[in-house]
2 protein chains.
Amino acid sequence: MPRVTDAHRQARREQIAEAAVRVLMRNGISDTSIAQISAECRLSIGAIYANFENKADLARFVATRLFDWRITELESRTDGGAVLTPVELLAVLLTSLSDANRPAPSVILQFWSKASVDADLRVVLAEQVGRLCASVERALRPWADAQTDGAGEELALRTAQACMIMSQGFLANRCLFGWLDAEDFLATATHALGPVDAADLR
Amino acid sequence: MPRVTDAHRQARREQIAEAAVRVLMRNGISDTSIAQISAECRLSIGAIYANFENKADLARFVATRLFDWRITELESRTDGGAVLTPVELLAVLLTSLSDANRPAPSVILQFWSKASVDADLRVVLAEQVGRLCASVERALRPWADAQTDGAGEELALRTAQACMIMSQGFLANRCLFGWLDAEDFLATATHALGPVDAADLR
DNA sequence: ACCTGAACACCGTTCAAGT
DNA sequence: ACCTGAACACCGTTCAAGT
């Protein structure tokens with residue numbers, strides 16, 4: 001509960017969240033204790049509870065930060081103004097996930113699973129995934145407009161969602177089983193889905 | 001630790017696992033206590049520990065059972081002998097995930113996230129995902145052989161992996177955000193990946 | 001031969017007491 | 001105005017005692 005100044009509070013929240021990410025990368029969400037985070041950021045347990053309502057509230061804040069970083073990175077890679085095809089955009093999305101140094105895909109996996117059981121976290125995640133998807137959609141808009149006349153907006157949205165789904169499947173596999181690299185996956189997926197006419201799936 | 005007959009043990013393990021799945025569907029893996037499972041199957045806490053080494057061991061057993069069910073279902077849907085294209089096979093995979101009554105995709109999500117932090121569970125999951133993938137690979141073999149001369153085996157494997165990745169991304173989205181249904185996703189993905197030549201991704 | 005439940009160490013959360 | 005850490009209820013795990 002808020003018993004601290006708002007300015008002080010914001011700084012403390014960032015400090016705690018950064019420590020939390022470090023511990024989460026090592027242990028996963030349910031094997032991370034408040035005591036461990038408290039030790040990592042050199043604040044008492046009580047200080048954490050002065051800045052976050054509870055563990056779930058801290059989790060929501062951390063999840064938001066992870067997406068902030070990811071969206072910033074994506075936008076910096078797609079603001080060139082070139083017309084990107086879906087495959088090219090997927091390549092950007094997937095290789096940025098393979099980097100392995102940043103926020104760590106496994107932490108995102110932790111949040112997905114927690115969200116499937118925590119409705120408040122699910123709302124936060126849906127919002128952030130929506131922001132990321134909107135960013136993808138913007139990057140795909142020139143391609144989509146060139147494909148159809150007038151229906152570019154609808155096509156860009158649906159294609160962005162399909163890209164998100166594929167990148168999320170890639171993330172899960174990459175971090176659990178290390179299957180394929182980004183280019184192999186794209187080449188195979190393109191070949192598998194390419195030669196078939198969309199109309200005859202039924 | 002085993003202090004019970006092997007036959008009795010097997011029956012008890014199935015009984016406990018079935019109760020565990022019911023609780024997991026409600027609560028998720030880390031909010032499910034042994035006490036809750038014990039209440040659900042009407043056995044004491046001690047009885048559970050007589051049949052499983054610990055909570056992680058029970059989790060590995062449950063994960064294996066979930067995949068057994070899924071593989072059986074997939075094989076019953078693809079043994080018609082028809083030549084299935086990747087898109088048709090993906091449709092089978094995705095609609096079977098949408099059924100929503102069976103093992104519940106959200107439970108699978110729980111296991112993925114736990115696995116990213118528990119090496120033993122990861123080994124079990126990799127093995128089971130490998131079995132499911134092999135089943136997909138077998139179903140795709142006729143299509144793959146018709147595509148190339150001689151390289152059907154390699155193509156079937158890589159395509160199976162791509163199908164697994166897409167179905168896993170679909171599962172995560174479906175259970176977290178309810179995006180798109182299976183046909184919409186396939187139509188959009190096919191359109192997005194189709195018109196582009198595999199060679200020009202770079 | 002199998003089962004029970006009290007006991008222990010640990011985790012999330014609170015709050016009286018400090019500075 | 002902010003911080004600490006002992007205290008409480010609960011969870012995973014064990015094991016002496018029951019039948």
Side-chain angles (χ1 to χ4, degrees), chain A residues 1-17 19-24 26-63 110-111 113-114 117-121, chain B residues 1-17 19-24 26-63 110-111 113-114 117-121:
Chain A
M1 294 299 174
R3 300 208 191 144
V4 288
T5 316
D6 258 22
H8 189 256
R9 192 176 152 87
Q10 283 310 320
R12 275 280 189 261
R13 282 164 75 96
E14 297 292 345
Q15 172 191 4
I16 294 166
V21 172
R22 290 194 296 273
V23 184
L24 281 171
R26 298 199 292 269
N27 298 347
I29 203 163
S30 70
D31 296 336
T32 291
S33 67
I34 298 288
Q36 286 167 334
I37 298 173
S38 140
E40 178 83 24
C41 66
R42 297 174 178 288
L43 285 170
S44 72
I45 291 176
I48 293 181
Y49 279 93
N51 289 282
F52 293 98
E53 213 178 307
N54 49 33
K55 198 184 180 187
D57 184 36
L58 170 55
R60 289 192 294 273
F61 186 82
V62 171
Q110 303 297 317
F111 283 115
S113 109
K114 193 70 188 157
V117 114
D118 172 342
D120 293 333
L121 180 59
Chain B
M1 295 297 173
R3 299 203 195 149
V4 288
T5 317
D6 257 22
H8 189 256
R9 193 176 151 87
Q10 283 311 320
R12 275 280 189 262
R13 282 164 75 96
E14 298 292 345
Q15 172 191 4
I16 294 166
V21 172
R22 290 195 294 274
V23 185
L24 282 171
R26 298 199 292 268
N27 299 346
I29 204 163
S30 72
D31 297 336
T32 290
S33 67
I34 298 289
Q36 287 168 333
I37 298 173
S38 141
E40 179 83 24
C41 66
R42 298 175 177 288
L43 285 170
S44 72
I45 291 175
I48 293 181
Y49 278 94
N51 289 282
F52 293 97
E53 213 178 307
N54 50 34
K55 198 184 180 186
D57 184 37
L58 170 56
R60 290 192 294 272
F61 186 82
V62 171
Q110 303 297 316
F111 283 114
S113 108
K114 194 69 187 159
V117 112
D118 171 343
D120 293 332
L121 180 59

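Proteins get letters first, then strands, A, B, ... in listed order; numbering begins at 1 in each. Atoms considered below: every heavy atom in the structure, side chains included; atoms not considered: hydrogens, waters and symmetry mates. Note that the structure is predicted; figures quoted are calculated from it, not measured.
- Under the Watson-Crick or G-U wobble criterion, with both distances below 3.5 Å, C:dT19 is paired with D:dA1.
- Nucleotides C:dA1 and D:dT14 are separated by 23 Å at their P atoms, to the nearest Å.
- Protein atom CD1 of A:I48 is 17 Å distant from nucleotide atom P of D:dC2, rounded to whole Å.
- By the 4.5 Å heavy-atom criterion applied to side chains, A:R22 and A:T32 are not counted as neighbours.
- In this structure, the side chains of B:R13 and B:D57 come closer than 4.5 Å at one or more pairs of heavy atoms.
- Across the protein-nucleic acid pair, B:I34 atom CD1 and D:dC10 atom C1' stand 14 Å apart, rounded to whole Å.
- Atom P of nucleotide C:dG12 and atom CD of A:Q36 are separated by 8 Å, given to the nearest angstrom.
- Residue B:R12 is classed as a sugar-phosphate contact, given heavy-atom separations below 4.0 Å to backbone atoms only.
- The distance between atom CZ of A:R9 and atom P of D:dC3, rounded to the nearest whole Å, is 12 Å.
- At a threshold of 4.0 angstrom between heavy atoms, the contacts of A:S30 with the nucleic acid are absent.
- Under the Watson-Crick or G-U wobble criterion, with both distances below 3.5 Å, D:dA6 is paired with C:dT14.
- Checking C:dC3, D:dT4, D:dG12 against the side-chain heavy atoms of B:K55 singles out D:dG12 as nearest.
- Contact annotation: B:Y49 does not reach the phosphate of D:dT14 (side-chain N/O to OP1 or OP2, under 4.0 Å).
- A straight line from CD1 of A:I29 to P of C:dC11 spans 16 Å, rounded to a whole angstrom.
- The residue B:I45 sits close to a base: some heavy atom pair falls under 4.0 Å.
- In this structure, A:D31 atom CG and C:dC10 atom P are separated by 15 Å, rounded to whole Å.
- No contact: B:S38 has no heavy atom under 4.0 Å from any strand.
- The closest side-chain heavy-atom distance from A:L43 to A:Q15 is below 4.5 Å.
- For the pair A:S33 and A:G46, nearest-nucleotide mapping onto DNA chain C gives the more 5' position to A:S33.
- Take B:R12 and apply the salt bridge (Lys or Arg N to Asp or Glu O under 4.0 Å) test, not counting sequence neighbours, and it matches no residue.
- Distance, A:I16 CD1 to D:dC2 C1': 12 Å, rounded to whole Å.
- Distance B:N51 CG to C:dC3 P: 7 Å, rounded to the nearest Å.
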Under the side-chain contact (heavy atoms from CB on, under 4.5 Å) criterion, do B:F111 and B:L24 qualify, and how do the steps go? CA-CA 10 Å; B:F111 283 114; B:L24 282 171; 4.0 Å; yes

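- The separation of D:dG5 from C:dC10, taken at their C1' atoms, amounts to 16 Å, rounded to a whole angstrom.
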